[in-house]
Amino acid sequence: MKRLKDAIDGVDLNRFRIWFQLAMFVLLVYGGYLAINLGNHLPMFACGFNQEGRGGICYLMPLQHQLARPWPQLFGMASLGVLTGFGIFWLWFIFLNKGWCGYVCPLGTIQDWITALRRRLGVRYARYTQDQFRHLSRVKYVLLALMILIPLGIGGGWFSRDMGTPFCLICPARMVLPLFTGDLSHLTVDFSSKTAVAMTVLGMLITGLFLTGAFVKKRFFCFFCPMSALHYLISRPALLKLRKDGDKCTRCGDCYRACDMEIKAIADDVKNADIMADDCILCLKCVAACPEPGALKATFATITIFESTEAGFIKRCQKGIGLDQPKR
Amino acid sequence: MTNPNAKTAALPYNRSRQAREAETMLDHITDDFDDNPPSMAYFYDLFRRAYCRGESIEREGVRVGTTCIHAPEELIYAFGATPVRLCNGSYHYDQIGADFMPAKSCSLVKATLGMLSSENAIPKTGKLDLIVNPTTCDQKKKASAMMAGMGHSVYELELPPAKESEQARVYWQRSVREFAVRLRQLTGKKLTRKNLMAAMAKTSRAQVAFRTLHNFRRKAPSLILGKDVFLVTNAYFFDDIDRWTDAVERLNAELAQREKDGFCAAQKKAPRILFTGSPPVFPNLKLPLVIEQSGGVVVADETCSANRMLYDMTSVDEWLLNNMVDSLADKYLKPCTCPIFPNNDDRIRRLLDLAKSFAVDGVVYQTFAGCQVYEMEQRSVAEALNKAGIVMLAVETDYSPDDLGQLTTRIEAFLESIKTRKRKAT
Amino acid sequence: MNFDPIMGRMTHRFAPVLLLVSLASGPVTALEGGCVLWISDTSPMRAEGAPARRGGGMGGMPMGGGMHSGPPMKRLWLLSGTDPQKAAFARGDADASVETLLVTPSKPEGESVPPPGEGHRGLVFEMPAQGFYRVYVTTRTLQERMLNLNVAKAEVGNFGHDGDEEEHDRAMTAPRALENAAIEIVRERQPKEGPFSQVRSGTEQSFIVLRKGLPVPDARVRFVSHQGWSKEVTSDGQGRARFQVVRDYFPPWGEFQKRFKATYLVIAEFDATEAGNHKDQPYTSVRYQATLSGSYYPSPEDYRSYAWGLGVGLLAALLSGVATYLYRRRRLRPFQEVRLDEKA
């Protein structure tokens with residue numbers, strides 16, 4: 001048991017993540033060809049517009065659809081459907097918490113690939129200042145609110161039906177993920193109505209920004225993701241947790257350096273045990289980058305599954321600096 | 001004390017008062033204890049050669065003196081230069097340095113200045129091409145101009161006055177980058193990803209060796225005494241880093257064997273002491289030595305001549321040059337528990353964690369007379385420790401051997417009280 | 001042969017030259033406008049140009065969507081006329097004999113149902129299971145010594161998005177023709193067609209004329225678009241007739257609806273020399289006539305532009321990329337201006 005634990009704690013997390021993310025990407029983007037269908041309540045961007053290859057559908061799409069129903073329906077019989085839908089989504093979600101973002105989300109994986117490309121090219125990544133961070137961090141809540149209010153407005157008859165699934169229309173996953181199964185049809189501007197023109201132009205603008213953004217900034221889009229905001233609001237009972245023992249923390253900031261989302265609290269907060277912030281993608285890179293035994297750990301239903309250890313840190317850290325065989 | 005240099009010139013070094021000071025300390029360290037680990041011989045010999053016989057341990061290439069742990073040694077190595085830590089523990093130099101500093105100043109700063117003003121400074125590490133003086137405490141800051149006055153070329157590495165804010169972090173990253181630019185001018189070499197990686201690997205390997213040694217000290221009963229570990233970490237100041245690491249790895253192998261054999265370096269019931277405060281630097285190992293001569297054992301420390309210097313390791317997310325340098329900068333600032341920063345929470349948490357994880361019975365807090373920042377933190381540290389049920393002894397001392405008797409009495413009483421408490425507890 | 005009023009009107013309405021050519025190639029035959037019976041799922045009472053459904057649902061989906069309890073209902077109307085927009089309710093003919101057959105997923109051999117009621121009530125049936133439902137209305141009338149045998153057919157899909165794959169697969173592989181139908185038209189499916197697929201204008205669509213399950217060669221097959229534009233071809237050896245579903249929807253931009261549901265009508269005819277009795281009256285020849293209607297929608301190519309989409313996307317990527325690059329080159333933000341260069 002102890003040996004198994006040591007092996008897990010000493011794992012090369014980045015490599016594990018690369019393969020795990022790849023497997024999940026294949027499952028969710030090409031799974032449809034193998035008749036895999038995980039349903040349409042998945043808590044990450046397995047885009048439903050990837051008609052043929054999808055192995056499941058992002059919950060935001062059916063949610064926006066459901067909310068756009070005429071009000072008498074929505075607040076009548078259909079409310080049950082909305083609630084059960086949310087329930088299924090929630091059950092999926094609490095299983096991995098935000099680990100869905102860091103390990104499963106295909107759009108997140110694509111961003112990591114773009115980051116890997118940048119790293120290969122030797123281009124440095126951008127960082128926000130603390131002020132920018134604070135302001136931008138709110139955007140996702142605004143998007144979440146709009147994503148719920150606009151479909152409600154459609155149901156109430158205030159907005160055009162061309163605004164249906166408003167977030168999907170501007171979400172880069174709609175343009176990017178179908179590309180992987182050869183569907184280019186979303187790289188278009190829809191001229192069928194003024195609303196459609198506006199939404200599709202906005203969508204393409206955001207896709208363009210997404211590509212540049214993801215190149216210079218790690219996990220660029222996750223910062224603005226309304227799914228991430230929704231996750232955080234319901235994350236309290238989640239099973240997978242990121243925990244910190246502040247007493248063991250030296251505040252060396254190694255975790256903060258590793259953090260793709262630039263969450264400073266991970267290094268500085270020594271009071272809260274439940275350390276997952278709203279921008280967190282639970283990639284657990286911070287745990288891997290922590291040299292203090294037991295200071296950071298991932299727990300599943302209170303069982304520790306991955307913990308920071310000195311040996312694990314040294315093993316992972318050595319790889320980059322060619323210390324694999326210490327001289328005798 | 002008219003001209004101490006004239007006196008050393010008259011006598012061969014090994015017969016000077018300065019050499020005798022080192023020799024007496026080293027003799028105590030080696031002869032007052034049974035069962036010194038055989039692999040410590042390397043370190044005993046190193047100090048005997050450098051401090052007692054005045055042998056040269058010069059190294060090739062550009063030599064960069066550092067007055068504090070804040071100067072990133074990886075950068076210095078990356079430029080093909082060699083760092084030498086200048087913090088000095090000699091009473092002889094302390095007396096010489098008194099000419100530069102007010103009487104009530106820190107012995108360490110005085111001794112460092114004294115050494116730098118000497119023609120044949122011991123240990124003989126060769127002429128310094130540059131002294132990096134991080135702007136830490138007031139006394140070290142003001143020492144800059146004096147060092148420059150002695151004819152040294154001094155670079156002030158600007159450390160922010162506080163470390164928590166993002167502003168401070170970014171400021172410090174800039175300082176470190178500028179330091180790299182200065183080193184480039186000094187050495188005429190380029191800083192590349194490859195040579196910085198190699199330099200970081202060198203330091204990392206040394207840190208891994210240190211951490212292994214550090215972890216062996218968790219064992220109760222103890223496998224190694226604190227006086228030996230202080231000697232090991234002191235050697236890091238001037239020894240060749242690879243040779244040092246090899247020697248520590250050999251020591252670690254021996255400790256592993258000792259552990260297997262169930263060996264005890266101290267009595268089973270010896271009070272386990274955590275040492276903190278002003279740094280003990282050879283030959284001023286007075287206080288740790290007294291503790292261990294009186295039957296205690298120093299199992300851990302929180303000082304910038306040992307633990308704080310080697311414990312914290314760098315993590316790099318992307319191995320690109322600018323990222324690596326920023327990561328290094330973070331390592332030298334963020335985890336630092338130096339009392340010059342406004343907040344001392346990190347230091348208290350570190351002490352509590354060490355006390356807990358090393359099963360410490362008591363804490364000895366050394367303050368050099370004149371080191372205000374340590375004096376000022378003493379109260380809050382004592383309070384926090386007492387709250388956690390750990391007794392603390394605060395000792396104000398300096399490099400002079402005059403207070404040895406008084407110190408011995410106080411330490412013995414402190415250790416006795418710990419033993420009594422332990423007996424009562426069981 | 002005779003002047004066709006539909007063709008005549010068509011020519012003056014017709015703007016695109018392309019279609020004129022293709023239509024001119026078809027032989028013109030006589031089809032009396034008044035006596036073609038066909039089934040539509042849109043009541044002629046509805047205003048012209050109504051989109052499929054305001055709910056935005058797919059064509060062929062059941063009505064209501066949870067508004068009433070019980071299985072979904074479908075209502076169809078028997079119309080007469082060859083212009084999808086002008087056709088009127090078929091009037092009952094005392095002389096005609098009408099049989100109505102409903103094929104459901106559970107009864108592939110079909111069951112008789114009462115004939116569609118007079119006029120506006122239409123033909124209403126329940127769709128309890130997922131799958132395709134087909135209605136055949138067979139009308140026999142005697143005209144002098146010739147028997148007119150008209151089979152009007154409609155195919156309606158009932159699928160929910162939550163239906164499981166197996167049910168969909170079963171529906172997609174179920175037989176689509178009746179072995180004992182006197183004559184019928186089967187729309188050939190497009191490759192990769194699913195239960196929710198729609199016919200888009202601009203696509204090539206073929207139909208097969210069958211008689212008792214066997215292909216009928218050399219039948220006259222006519223395709224009539226929503227606007228009444230038509231083309232007639234003769235079925236080939238396999239009974240197949242191919243048409244391009246022409247784009248005939250050209251509203252002003254402000255009124256364009258991408259879910260505009262247009263109805264096409266396919267009519268197949270052939271004559272056979274068969275003798276027999278109908279209602280005790282002898283006949284010497286039979287004119288077989290089959291109809292099938294369906295709906296089609298504007299093709300996305302009509303309103304989507306790759307050039308604009310890619311242009312906007314690339315522009316955004318390029319501008320932000322250049323902006324980032326320039327910012328990094330020229331910025332002198334405090335604390336960031338010192339950058340190290342491996343080569344310098």
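Being a predicted model, the structure only gives us computed values, none of them experimental. All values below come from the heavy atoms of this structure, side chains included, with hydrogens, waters and symmetry mates left out. In what follows, every chain begins at residue 1, and chains take the letters A, B, ... in the order their sequences are listed.
For A:Ala126, the parts sitting under 4.5 Å from any heavy atom of chain C are the backbone and the side chain alike. For C:Leu310, the parts sitting under 4.5 Å from any heavy atom of chain A are the backbone and the side chain alike. Neither the backbone nor the side chain of A:Ile206 has a heavy atom closer than 4.5 Å to any heavy atom of chain C. At a 4.5 Å heavy-atom cutoff, the contact between C:Thr324 and chain A is made by side-chain atoms alone.
C:Glu301 CD to A:Thr188 OG1: the interatomic distance, rounded to the nearest 0.5 Å, is 10.0 Å. Distance check: C:Lys192 NZ to A:Glu52 CD gives 4.5 Å after rounding to the nearest 0.5 Å. The distance from atom CE of A:Met204 to atom CG of C:Leu315, rounded to the nearest 0.5 Å, is 11.0 Å. Note that CH2 of C:Trp253 is 7.5 Å distant from OG of A:Ser193, once rounded to the nearest 0.5 Å.
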Discussion item. Working note: C:Arg304 + A:Thr200, criterion side chain to side chain contact (heavy atoms under 4.5 Å, CB included); need CA distance, chi angles, decisive distance, verdict.
Written reply: CA-CA 10 Å; C:Arg304 276 195 200 157; A:Thr200 46; over 6 Å; no
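Of all non-hydrogen atoms in A:Tyr125 and C:Arg328, the two that sit nearest each other are C-NH2, 3.4 Å. Here the shortest heavy-atom pairing between A:Gly208 and C:Ala316 reads CA-CB, 3.9 Å.
Using modelled atom types, no side-chain atom of C:Trp308 and backbone atom of A:Phe191 make a donor-acceptor pair closer than 3.5 Å.
Annotation: side chain of C:Lys258 is in contact with side chain of A:Asp190 (closest heavy-atom distance under 4.5 Å). Counting only heavy atoms from C-beta outward, the side chains of A:Ser185 and C:Tyr306 approach each other to under 4.5 Å.
Residue A:Tyr33 places its OH atom among more than 12 non-hydrogen atoms of other residues, nucleotides or ligands, all under 6.0 Å distant.
Per-residue heavy-atom pair counts under 4.5 Å with chain A were compared for C:Gly311, C:Ser320, C:Ala307, and the maximum is reached by C:Ser320. The residue among A:Leu211, A:Thr207, A:Val216, A:Val123 with the most heavy atom pairs within less than 4.5 Å of chain C is A:Val216.
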